[in-house]
Amino acid sequence: MSSGSKQPAPAAPAKQPAPAAPATPAEAVAVQEELRELVDLVGPGPAAPATVAGLDVAYAQSGDLLAAAVTVLDARTLAVVDSAVSVGRPAFEYVPGLFAFRELPALLAALDRLTTVPDLLVCDGHGLAHPRRFGLACHLGVVTGLPAIGVGKTPLVGEWVPPSAERGSWSPLRDGGEIVGRVLRTQDGVKPVFVSVGHRMSLDNATAQVLALTPRYRLPETTRTADRLCRDALADAE
DNA sequence: GCGACAG
DNA sequence: ATCTTGTCGC
């Protein structure tokens, strides 16, 4: 578009030029230290997103092949309206705290294949609830410019007390003197999940979105549909 | 030194 | 993440 267009430029979320892929854990840490400054902690993010994306990755037994999937759900009906997959190799060894570098390239490739742009990314892993406050959800949020939240099944950092047994109850996840997320009960009597902000979202809104995505099961429908898709894609690839 | 450690 | 049998419960 020329600078003489009638309309002002759309307020497109600023994508972040992807830094070179790190080759060593030390380089990966340096990338995190650099990108963490770009995380938007204010949000508050969309109160009523039209579409919400789920991202997940499945690995082959051999460990040298993976399939990444993104499913986009209508936030109101939770029906899948778009999806994409990408098969590849793990881009990094698995190191707790550097987990994102393994799956990021494949996840970004899958995101690129979508025909729509989701209003929110729901990631399988943590956001701020990370040793350097830059988990997968922050990384994906900063690189895509999209609002993002992290939903982890097990803790990585922090201390907490179990929330009461009813769906919707939560307790703060604390680490190093700060609140980095929430331990949220998504169904009565099930193990809680660990919700944290990724990018351009408030913790309150992140919690609300996760509850809206868990009408029946412990994990968000976004995660469930993406999990099924990447498993199927991996089976086809083998 | 020992234990913990997203997926 | 993935490897794994049965089992308890709706």
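Chain naming here is simple, since letters A, B, ... match the order of the sequence lines and numbering starts at 1 in each. Since the structure is predicted, the reported quantities are computational estimates derived from the model, not experimental observations.
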Practice task
Can you establish whether the number of heavy atoms outside A/Arg167 located under 6.0 Å from its atom CZ is more than 12?
Solution key: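 Result for CZ/A/Arg167: enclosed.
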
Using whole Å, what does the distance between atom [atom2] of nucleotide [N] and atom [atom1] of [X] come to?
| X | N | atom1 | atom2 | answer |
| --- | --- | --- | --- | --- |
| A/Leu156 | B/dA6 | CG | P | 6 Å |
| A/Arg89 | C/dA1 | CZ | P | 20 Å |
| A/Arg133 | B/dA6 | CZ | C1' | 14 Å |
| A/Glu103 | C/dA1 | CD | P | 9 Å |
| A/Leu234 | B/dG7 | CG | C1' | 14 Å |
| A/Asp124 | C/dT2 | CG | P | 10 Å |
| A/Ile149 | B/dA6 | CD1 | C1' | 15 Å |
| A/Tyr59 | B/dA6 | OH | P | 12 Å |

Problem - DNA chain B contacts among residues 158-192 of chain A, heavy-atom distance under 4.0 Å - result: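 Heavy-atom contacts with DNA chain B come from no residue of residues 158-192 of chain A; none.
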
Proximal nucleotide (of [options]) relative to the [X] side chain:
| X | options | answer |
| --- | --- | --- |
| A/Gln61 | C/dA1, C/dC3, B/dA6 | C/dC3 |
| A/Lys153 | C/dT2, B/dG7, B/dA6 | B/dG7 |
| A/Ala58 | B/dG7, B/dC5, C/dT2 | C/dT2 |

Between the protein and nucleotides 5-7 of chain C, which nitrogen or oxygen pairs are less than 3.5 angstrom apart?
none

Practice task
Give the other cluster members for A/Val85, using side-chain heavy-atom distances under 4.5 Å between Ile, Leu, Val, Met, Phe, Trp and Tyr residues; answer none if it is isolated.
Solution key: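 A/Leu229, all in the cluster of A/Val85.
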
Problem - Presence of A/Thr154 side-chain N/O under 4.0 Å of B/dC5 phosphate oxygens OP1/OP2 - result: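 For A/Thr154, the contact criterion (side-chain N or O under 4.0 Å from OP1 or OP2 of B/dC5) is not met.
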
Exercise for the section: Examine B/dA6: is either OP1 or OP2 under 4.0 Å from a nitrogen or oxygen in the side chain of A/Arg102? Give yes or no. Expected result: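 For B/dA6, OP1/OP2 do not have a side-chain N/O of A/Arg102 under 4.0 Å.
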
[Y] and [X], any side-chain heavy atoms less than 4.5 Å apart:
| X | Y | value |
| --- | --- | --- |
| A/Pro215 | A/Glu221 | yes |
| A/Thr214 | A/Val193 | no |
| A/Leu41 | A/Leu128 | yes |

Handout entry: Same apolar cluster (I L V M F W Y, side chains within < 4.5 Å links), A/Leu120/A/Val210
Key =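 Same hydrophobic cluster.
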
Exercise for the section: For the pair A/Asp124 and A/Lys153, find out whether any cationic side-chain nitrogen is under 4.0 Å from an anionic carboxylate oxygen. Expected result: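 A salt bridge links A/Asp124 with A/Lys153.
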
Handout entry: Ion pair A/Arg182/A/Asp204, N-O distance below 4.0 Å
Key =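 Looking at A/Arg182 and A/Asp204, the cut-off is met.
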
For [X], answer base if it contacts any base atom (sugar-phosphate contacts may also be present), sugar-phosphate if it contacts only those atoms, and nothing otherwise; contact means non-hydrogen atoms under 4.0 Å.
| X | value |
| --- | --- |
| A/Phe99 | base |
| A/Leu107 | nothing |
| A/Pro155 | sugar-phosphate |

Handout entry: Side-chain donor-acceptor pair present, A/Tyr59, A/Glu103, cut-off under 3.5 Å
Key =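 A/Tyr59 vs A/Glu103: donor-acceptor pair found between side chains.
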
Practice task
Kindly confirm whether the side-chain ring of A/Tyr94 is stacked on the base of B/dG7, judged by centres under 5.5 Å and planes under 30°.
Solution key: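 So A/Tyr94 counts as stacking on the base.
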
Problem - side chain to side chain contact (heavy atoms under 4.5 Å, CB included) involving A/Pro172 - partner list, sequence neighbours excluded - result: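 Only A/Trp170, A/Arg174, A/Ile179 meet the side chain to side chain contact (heavy atoms under 4.5 Å, CB included) criterion with A/Pro172.
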
Exercise for the section: Please map the stems of DNA chain C, keeping only stretches of three or more Watson-Crick or G-U wobble pairs with both distances under 3.5 angstrom. Expected result: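 Stems (3+ consecutive pairs): none listed.
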
Handout entry: A/His139 and A/Phe101 aromatic centres sub-6.0 Å
Key =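 Close enough - the centres of the two rings lie under 6.0 Å apart.
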
Protein and nucleotides 8-10 of chain C: nitrogen or oxygen contacts under 3.5 angstrom:
none

